[in-house]
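Shown next, in structure tokens, is the structure this report addresses.
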Amino acid sequence: MAAKVLDGKALAQKIKDGLKKEVEELKIKGIKPCLAVIIVGNDPASRIYVNFKKNDCAEVGIESVEHALPEETTEQELISLIQQLNKDPGISAILVQLPLPKHINEDRVIFSIDPSKDADCFHPVNVGKLMIGKPDFMPCTPAGVIELLDENNIAVSGKECVVVGRSNIVGKPQAILLLAKNGTVTVCHSKTNNLEEVCKRADILVAAVGRPEIIKGSFIKPGAVVIDVGVNRTEDNKLVGDVEFSAASEIASCITKVTGGVGPMTRAVLLKNTVKAAKMQG
Ligand code: GUN
């Protein structure tokens, strides 16, 4: 039987509808959420993501200000801009689109963002607060995954959760959030022995490696919930996830697609973080 497809696009729309009302009410109180978006260089995927994020902001009444900097921008120039935005009372939250050009140290850039304006929840202060269960902001993709599970009444407590990928953006914070919901969490990575066997244990499998269709149908336990965070281009320019969708959807109970799955949820959480930042700043 084919798995149920979890609709991230519809849930993101519901979240945006709620945020739109909240933003209207905040504006009456004199609080105007505004997201500064910084993009450095000409990465075409980053340009598409930034455009999506700006359109989302407009849709819910959040102002956005784009700073598009040339590829040759120095690290110090970028950090100076961030310091200026940190001080600007008109800016609620700051997002620096990653990846940055190779000559810029991403850690130093992320560390320079005021933690109270950290739209992505990348700053170590916010990662630390998340780790101890006292977050101000949520990591966008992992929290989007959790909201998608909640909306579809998929319980995490007591379940075997396997996260494939250990990035700071997705894998690690995803493990923390599943643990906070009392999942029994395993994190796999490129050095994991017998990836297939470990994945097969999963009641909930989150694939976030960035390798096209690395998770085969045979890796899936019958009836598992499969969340595909991957967005990969194949050599023939096809968009595929980290999961072999057609095979996996025959075995899983629920699954996400590459488009209309996790992506819109990531962006919905970004908007939530921006509104939260504006409220925290009063
Ligand atoms: N690049 C890939 N994913 C993300 C994300 O969630 N936020 C930012 N800022 N850059 C990214």
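Counting starts at 1 for both ligands and their atoms, following the listed order. Scope of the values below: all heavy atoms of this structure, side chains included, with no hydrogens, waters or symmetry mates.
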Once you round to the nearest 0.5 Å, how far does [atom1] of [X] lie from [atom2] of [Y]?
{"X": "Ile110", "Y": "Leu98", "atom1": "CD1", "atom2": "CG", "result": "5.0 Å"}
{"X": "Gln281", "Y": "Lys276", "atom1": "CD", "atom2": "NZ", "result": "11.5 Å"}
{"X": "Ser46", "Y": "Gln97", "atom1": "OG", "atom2": "CD", "result": "4.5 Å"}

Worksheet item: Which of these passes side chain to side chain donor-acceptor pair (under 3.5 Å) with Asp17: Gln13, Lys20, Lys14?
Response: Gln13
Discussion item. Under 4.0 Å between a side-chain nitrogen and a carboxylate oxygen: does that hold for Lys221 and Asp203?
Written reply: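 A salt bridge links Lys221 with Asp203.
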Give the residue, atom name and distance (to 0.1 Å) of the protein heavy atom nearest [atom].
{"atom": "atom 3 (N) of ligand 1", "answer": "Ile169 CD1, 4.3 Å"}
{"atom": "atom 11 (C) of ligand 1", "answer": "Gln97 NE2, 3.4 Å"}
{"atom": "atom 2 (C) of ligand 1", "answer": "Leu98 O, 4.0 Å"}
{"atom": "atom 7 (N) of ligand 1", "answer": "Asp120 OD1, 3.0 Å"}

Discussion item. Taking 4.0 Å as the limit for heavy-atom contacts, which would you say applies to Phe122 with ligand 1: side chain only, backbone only, both, or neither?
Written reply: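 Side chain only.
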Worksheet item: Near Val96, which atoms of ligand 1 are under 4.0 Å from a heavy atom of that residue?
Response: 8 (C), 9 (N)
Worksheet item: Are Val225 and Val229 joined in one hydrophobic group, where the rule is that I, L, V, M, F, W and Y side chains link up if heavy atoms are under 4.5 Å apart?
Response: yes
Worksheet item: Does any N or O atom in Thr141 lie less than 3.5 angstrom from one in ligand 1, N or O only?
Response: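 No; the residue has no nitrogen or oxygen that sits under 3.5 Å from a nitrogen or oxygen of the ligand.
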